[in-house]
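Here is the naming used below: chain letters follow the sequence lines, and residue numbers restart at 1 for every chain.
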Amino acid sequence: MSGAGVEVVGAEVVIAAEGVEKWFGSRKILNGIDLMVRRGEVVVLIGSSGSGKTTFLRCIDHLETFQAGRIEVNGHPVGYHDRRGRMVEDREANIARRRRDIGMVFQRFNLFAHMNVLENIVIAPVRVRGEPRGEAERRARDLLARVGLPDKADAFPAALSGGQQQRVAIARALAMRPAVMLFDEPTSALDPEMVGEVLAVMRDLARDGMTMVVVTHEMGFARQVAHRVVVLDGGRIVEAGPPERVFGAPEHPRTQALLGAVLH
Amino acid sequence: MHFDWSYFWQQLFHPGGAFLEGLWITILVSLCGQAIGLAIGLPMALARMARMPVLSYAARAYILAMRGTPLLVQIVFIYTGLAAADLLRFHDWQAGPFSLAGNVQAGILALGLNEGAYMAEIFRAGIDAVDRGQTEAAKALGMPPAMILRRIVLPQALRVVLLPIGNQFNIMLKNSTLVSIIGVSEMLLVTETINSATFRTFELYSVLAIYFLALTSVWSLALRWIERRMDAGRTQADSASARAGAMAAAALSEAA
């Protein structure tokens, strides 16, 4: 494995996953995943469907449980705590506390349908972090401007296009000032003409130094933005490295097959 | 057939004080029963959905018992059965100008307990109808479970359950006649009493039916008004999904 990209060598570790294993019943979904993500790094996870990439991403936020190994974010295990060397699932309140620092963007946006855009962005900083409402609203408007939707504060999610909803979802996650942003196929549910606007926002984020882990099929984005591309197959990492190498000279037959299938 | 029209019109438009009191008792019993049902319904739904088996099975048993036995039997059981077993006696209650007879209390309680089971299933359907992604997004933002329920899930579920709850109150208005079995002088029992003196059975029960029809019609209009108001503040996709959920919940409450 080539490790972190050039820009982030030596930066502190944000995500440290070690030997993560997960079963659904008797089926093994994750088969010992090791991954380290440093501050400012953009890691793109690719793999065919069923390779475990989305499941692994969701494990980082403890939206999925796993049975072996550990994942730490900012040096703390998420969703588990050590009890005499064994990992025991945490109390919900503690899990919630850990999740504050992890931003998540979903394939299907999941904006709160009964709130307008501003309220969607403001609710977590105000209710979870206890930020004063005025301050939170001011920042929410800044974030909306940043994702290119300065005039949509009062709109309800159902009145927005998919691309707009996803950009609001990104702003909502950023409002918590997360240490890392996780993206779970953020453009897969979008009409093709809206993919670009969402990727542009993500590209800006990356440029601003946000630590990001992205599950996507957008190879162009991976090639341009990722510091490191990680290829999953059958619940394990089969190849990882800078995009030039993974795309230019893929070593593993699965990677070759995957890129062949995507590129042609 | 002899139908005494003048008696009919007189009873319909100039009912005696006893009948009007019966009307008041019908409304009172229904409203109080519904209030208790609502108060029981939400916690019961949450218990039913709880991950803790003790809670979930207790709620299931409650719902099974309440929906699986006749309401009439429950009313008699609570008023007469419990008293006979020396477990619970309902005493008349008086506070200033307000009074509530023991059998009225028992009737309200029985209707409320029964309604609670139906409310629980409606609330559960409503909560289930809220997209899972809403909860996941709230979790991902670091919200603890109680906050997710209160701020994210319930506000959306309430829109879904409004219509089935309204329908259920319609049933409640009609079911309230059953408390006549324990001597509560609601409209049916008052009508029976008048009938035993006058034997104008057809006329009197026609009037009774019309009064119930009026009550349920007024409620239906009110419900439609509430619904329209909620629809007005709601956008299309949102209301489509809510309506799908409402239909599911309504089907569920009808099947019950």
Exercise. Using non-hydrogen atoms only, which part of B:Met143 is less than 4.5 Å away from chain A: side chain, backbone, both, or neither?
Worked result: both
Seminar exercise, completed: Okay, B:Ala146 and chain A: the region with an atom under 4.5 Å from a heavy atom over there is neither
For this session: Using a heavy-atom cutoff of under 4.5 Å, enumerate the residues of residues 52-65 of chain A that contact chain B, numbered in order, or state 'none'.
Result: A:Arg58, A:Asp61, A:Leu63
Problem set entry | Atom CH2 of A:Trp23: over 12 foreign heavy atoms under 6.0 Å | yes
Seminar exercise, completed: Under a 4.5 Å heavy-atom criterion, the part of residues 88-104 of chain A in contact with chain B comprises A:Glu92, A:Ala96, A:Arg99, A:Arg100, A:Ile102, A:Met104
Exercise. Between B:Pro155, B:Ala138, B:Gly133, B:Pro144, which has the largest tally of heavy atom pairs under 4.5 Å with chain A?
Worked result: B:Gly133
Exercise. Near B:Arg150 CZ, under 6.0 Å, is it more than 12 heavy atoms from other residues, nucleotides or ligands?
Worked result: no
Exercise. Looking only at heavy atoms, which of residues 127-154 of chain A get nearer than 4.5 Å to chain B?
Worked result: A:Arg127, A:Val128
Seminar exercise, completed: Smallest heavy-atom separation, B:Ala137 atom then A:Phe106 atom, equals CA-CE1, 3.6 Å
Exercise. How long is the gap from CD on B:Gln156 to CE on A:Met115, to the nearest 0.5 Å?
Worked result: 8.0 Å
Problem set entry | Region of B:Arg132 that comes under 4.5 Å of a non-hydrogen atom in chain A | neither
For this session: Find out whether B:Ile152 and A:Ile123 are in side-chain contact, i.e. whether some heavy atom of one side chain is under 4.5 Å from a heavy atom of the other.
Result: yes
For this session: Counting only heavy atoms closer than 4.5 Å, note whether A:Phe112 contacts chain B via side chain, backbone, both or neither.
Result: both
Seminar exercise, completed: Heavy atoms of A:Ala124 and B:Leu141 approach each other most closely as CB-CB, 3.8 Å
Exercise. Hey, is CZ on B:Phe98 packed in by over 12 heavy atoms from elsewhere, all under 6.0 Å?
Worked result: no
Problem set entry | Neighbourhood of chain A inside residues 42-56 of chain B, taking heavy atoms under 4.5 Å as contact | B:Arg51
Exercise. Take atom OH in B:Tyr62; do more than 12 heavy atoms of anything else shown fall under 6.0 Å from it?
Worked result: yes
